[in-house]
There are 2 protein chains.
Amino acid sequence: MQAWPVDNSFQAFKRQLPICRNSVYSEFYDFFRDVIKVKRESAAIKNLETICTATFELASKHGFDAMSLRDLSRSTGISMGGLYNYIGSKDELAQMVNDFLSRRLAPMAALNNPKQDKPRDLLETLLRTAIYMGSLFRPWYRFVYMESKTMARKQRDQAKSFDLYDTQRLRELIEAGVRAGDMDCANPELSASALLAMVQDWYLKSWKYKRNNIDPDDYADFLVSTMDKLLACKDQ
Amino acid sequence: MQAWPVDNSFQAFKRQLPICRNSVYSEFYDFFRDVIKVKRESAAIKNLETICTATFELASKHGFDAMSLRDLSRSTGISMGGLYNYIGSKDELAQMVNDFLSRRLAPMAALNNPKQDKPRDLLETLLRTAIYMGSLFRPWYRFVYMESKTMARKQRDQAKSFDLYDTQRLRELIEAGVRAGDMDCANPELSASALLAMVQDWYLKSWKYKRNNIDPDDYADFLVSTMDKLLACKDQ
DNA sequence: ATTCAAAACGAACGAGCGTTCGCTATTTAA
DNA sequence: TTAAATAGCGAACGCTCGTTCGTTTTGAAT
C-alpha cells in the first residue's frame, strides 16, 4: 500500500500525520506549559479540552467577542476563578487558539516533504492537505477564520491575514505550472482566490456538507477535479 | 445599444436597476416609515445613512454583538437618545438591515424578467446579478452574511440561511442544463456550492480584490468562465 | 492519617452595557 | 413674533461584563 501523498486518501493522510485528534490537547498543554498555571498534567489536559470545546461551541453562536466568560464557566462547569488558572485573560484565550493552530497544528501537515516536482501534483497535495486538516480540526480553523477579522486590527504585528499568504502560495504554484507548460490560466490570482474560497467553504459551512453526506474524500476529489478543469491541466 | 441582460456589463445592469446608491436611504426610510419615529424626511434620511454606514463600519471590526451603541453614538455624532428615535432597539437595527436587503433591495434585481430560456444563460444572469448587486451594496451583503449566523438561532422562523436557498436555486438550474444536454456535471450540489462560495468571496474579501484592481466586470467575467469550465458548457 | 502545596471556588469590584426619560433646542406654521 | 410640535440630548438605571483574591477543597506524598 502506498503512503501519502501518493495514496492521497484521507485515511493515508491521517496515518502519516504525527498527531491525532486524541493527542491534540496533550500537545496543546505542552505548547503553553509556561503560561498555564496548572501543573498537574492529566487534569490540565482534560480541562483544556473542555474549555476549548466549549469556546468553539459558544463562539460559533454569537462570535467570540459576544461570548462571556460566565457563559464559558457555565458550559464547562469550571468556576470563573478556575478558568483563570488556564487562560490569563479572555483575549489571550483567542490568542492561544490562534497561535496553536498556526504555529503547531498547521506546520505538522507540511513536515513531510512531498517529493513531488510537478506543479499540478504539488497543487493537489496542497489542496488535499488543506481539506484533510480542516476535516480533522474543523472547529480550530473555523474559529481562527471567523475571529481573524476582529483580531487583525487588535494586533497588527500578527500576519495580516492567512488569506494573502495562502492565495500567494497557490498563485505561485499555478504560475509555475503555466511556465512549465502543464497548465493554462489567464488569471492566476483569481484562480488561486477561487480555490481558496472553496477550501474555506469546507470548514465554514460544514453543516451543509454534512447534510448532504459529503465526506472529506468526496470534497477533496471534487476540489481537485475543479482545479484540473479550471487550469486546463494537460495530462490528467 | 443592447439592454441588460443581453448586454451583461456592470454598467448595463446599473442602468436598468430601479434604485441607485443615492436613493437607497430614501427607500430605506419609506420601507420603515411606521417604526421610525422621526417624521421630518430630509433629516431622517441623512441620519439613517450616517447610522447605517457607521454600523457597517463598526460591525465589520468586531461583529455586531460586540459593537456598543456608545461606539455608534460616538461615530455618528448622534446622542444615545437620538439613536432611539430611529432604531427601537439594538437588535432591531440588525433586523432592519437584514429585512431591507432581503425584502426590498435584493428583489429589485429580480424584477425584470430575463427573457432567456437556456439554463446556461439564466445561470450567467443569476451569477452576474449576484456579483453586481454585491458590488453596489457590498456593506449590506457583508453585514447580513456575517450576522446571519448569530441571528439564525435567535429567530428560527426566519429563513434558516440564505445559503440553502441560493445553493438549491443554482443546483436546479444546473440540473436543468444537464437534462437539456447543454451541460455536463457529475455533482450539481457541489458545483452549486462552489459557485456560491465564489460569489460570497467577492463581498467578503473585497479588500483583496480592490488591492489587485479587480473590478466587478473582471470578477463576473471570471466567475462565468469558471462556470463554463466547471459545467463543460457545450456552446460557449 | 496527616500534611501542605496545588487547584478550584465564587463573591466582590469597577467599568461599560442597552435602554429610558425628563429636559432643551430646533423647526414649522400661523 | 409666537406657540406648538418635533427632534435631539445625556444623565441615570439596573444589569452584566472581565478580572481579582481570600477562602475552601482536593489529592499526592509522607
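As the structure is a prediction and not an experimental result, all values here were calculated from the model. To find a chain, count down the sequence lines: A is the first, B the second, and so on, and within it residues start at 1.
The separation between Met67(A) atom CE and dG18(D) atom C1' is 11 Å, rounded to whole Å. Atom NE2 of His62(A) is separated from atom C1' of dC17(D) by 16 Å (rounded to the nearest Å). Protein atom CG of Leu93(A) is 14 Å distant from nucleotide atom C1' of dT19(D), rounded to whole Å. The CZ-C1' distance, from Phe64(B) to dC17(C), rounds to 13 Å in whole Å. One atom, CG of Leu83(A), and another, P of dG10(C), lie 12 Å apart when rounded to the nearest Å. Atom CG of Asn85(A) and atom P of dT19(D) are 14 Å apart (whole Å). When rounded to the nearest whole Å, the span between CE of Met80(B) and C1' of dC9(D) equals 11 Å. Across the protein-nucleic acid pair, Glu92(B) atom CD and dG18(C) atom P stand 15 Å apart, rounded to whole Å.
Residue Asn47(B) places no side-chain N or O under 4.0 Å from the OP1 or OP2 atom of dA7(D). Between Ser79(A) and dG10(C) there is no side-chain polar atom (N or O) within less than 4.0 angstrom of OP1 or OP2. In this structure, Ser68(B) does not reach the dG16(C) phosphate: none of its side-chain N or O atoms is under 4.0 Å from OP1 or OP2. For Tyr86(B), a side-chain nitrogen or oxygen approaches OP1 or OP2 of dG8(D) to under 4.0 Å. Phosphate contact (OP1/OP2 of dA6(C), side-chain N/O of Lys39(A), threshold under 4.0 Å): absent.
A donor and an acceptor atom sit less than 3.5 Å apart, one in the side chain of Arg70(A) and one in the base of dG18(D).
A donor and an acceptor atom, one from each side chain of Ser9(B) and Trp4(B), are nowhere located under 3.5 Å apart.
The Ile78(B) side chain lies nearest to dC9(D) when the options are dT19(C), dC9(D), dT19(D). Counting only heavy atoms from C-beta on, Val38(B) has its side chain closest to dG8(D) among dT19(C), dG8(D), dT19(D).
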Fill in: Intermediate values then yes/no, ring pair (Phe, Tyr, Trp, His ring centres under 6.0 Å), Phe32(B) and Phe28(B)
CA-CA 6 Å; Phe32(B) 294 111; Phe28(B) 189 91; 4.9 Å; yes
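Remark on DNA chain C: of its neighbouring residues Gly82(B) and Glu41(A), the 5'-side contact belongs to Glu41(A), judged by nearest-heavy-atom nucleotide. Between Gly88(B) and Arg40(B), it is Gly88(B) whose nearest contact on DNA chain C lies nearer the 5' terminus.
Residue contacts for Ser73(A): at a heavy-atom cut-off of 4.0 Å it reaches no nucleic acid atom on any strand shown. Nucleic acid contact class of Gly77(A) (heavy atoms, under 4.0 Å, all strands): sugar-phosphate only.
Within the 4.5 Å cutoff, the side chain of Val38(B) has no heavy atoms near those of the Tyr29(B) side chain. Side-chain contact between Trp140(A) and Leu105(A) is present, with heavy atoms from C-beta onward closer than 4.5 Å.
Atom-to-atom distance recorded for Phe13(A):CZ and Met133(A):CE is 5.5 Å, nearest 0.5 angstrom.
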